[in-house]
Amino acid sequence: MLCFRLQRFCCTNSRCPQRTFQESISTLAPRWQRPQPIDRVIYRINPILRGWVNYYRIGNSSRCFTYVKDWIEKKARRHLMKARRRQGFGWGRWSREGFYQKLGLYSDYKIRYYPVPKVSPAR
């Protein structure tokens, strides 16, 4: 059964949602491949990221979302720096806000609390 309680290290089995998400993103741009244009990588990552976040948004998963957001940002920053044949993550080159706005990386990691309709009283 897929574990629904998400934390930074939520479970040890191989079907953990966070682990399967990271594996699916890692297969899009393997390390041994030459860096692709960042637009193409983000175009391929965004639908997976959007679907995963929307599926787990209803639970209490803000800690896991923070971890995934940082992980995705580090992957994208590292990809850009490797394409420029430089070391590091480029923290001084790109601001966090500009990184999401200019490149179009998915950034809606907010948890939604839907109002629960009250039951009408019995007659």
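The analysis underlying the following values was restricted to heavy atoms, covering all of them including side chains, and did not include hydrogens, waters or symmetry mates. It should be emphasised that the depicted structure is a prediction, and the values quoted were computed from it without experimental measurement.
The two residues Ile48 and Ser24 have their closest heavy-atom pair at CG2-OG, 4.0 Å. Contact record, Phe65 with Val53: CZ-O, 3.7 Å, taken as the closest heavy-atom pair. Between Met81 and Arg93 the shortest heavy-atom distance is SD-CD, 3.8 Å. Closest approach of Leu80 to Ile38, counting heavy atoms only: CD2-CB, 3.7 Å.
Annotation for Arg86: atom CZ does not count as buried by contact number, only 12 or fewer foreign heavy atoms lying within 6.0 Å.
Ion pair Asp70/Arg96 flagged as a salt bridge, since at least one NZ, NE, NH1 or NH2 atom sits closer than 4.0 Å to an Asp/Glu carboxylate oxygen.
Hydrophobic clustering of Ile, Leu, Val, Met, Phe, Trp and Tyr side chains at less than 4.5 Å, counting indirect connections, keeps Leu49 apart from Tyr43. Hydrophobic clustering of Ile, Leu, Val, Met, Phe, Trp and Tyr side chains at less than 4.5 Å, counting indirect connections, unites Trp71 with Ile111. In terms of hydrophobic clustering, with Ile, Leu, Val, Met, Phe, Trp and Tyr side chains grouped at heavy-atom distances under 4.5 Å, Tyr100 and Phe89 are assigned to different clusters.
Rounding to the nearest 0.5 angstrom, the gap separating the CZ atom in Arg78 from the CD atom in Gln87 is 7.0 Å. Between atom SG of residue Cys64 and atom CH2 of residue Trp52 there is a gap of 4.0 Å, rounded to the nearest 0.5 Å. Between the CD1 atom of Ile72 and the CD atom of Gln22 there is a distance of 8.0 Å, given to the nearest 0.5 Å. For the atom pair OG (Ser62) and NZ (Lys69), the distance works out to 12.0 Å, reported to the nearest 0.5 Å.
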Report the C-alpha separation of Arg44 and Arg40 in whole Å, then their side-chain angles, then the decisive distance to 0.1 Å, and conclude whether the side chain to side chain contact (heavy atoms under 4.5 Å, CB included) test is met. CA-CA 6 Å; Arg44 294 172 70 188; Arg40 186 182 311 159; 4.3 Å; yes
Between Ile25 and Lys75, is the side chain to side chain contact (heavy atoms under 4.5 Å, CB included) condition met? List the steps. CA-CA 10 Å; Ile25 295 294; Lys75 285 282 189 184; 5.6 Å; no
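With hydrogens and angles disregarded, a donor-acceptor distance shorter than 3.5 Å links the side chain of Arg77 to the backbone of Trp94.
For Tyr109, the ring-ring contact (aromatic ring centres under 6.0 Å, His included) partners two or more places apart in sequence, or in a different chain, are Tyr106. Among residues two or more places apart in sequence or in another chain, the side-chain hydrogen bond (donor to acceptor under 3.5 Å, both in side chains) test is passed with Asn54 by Arg57.
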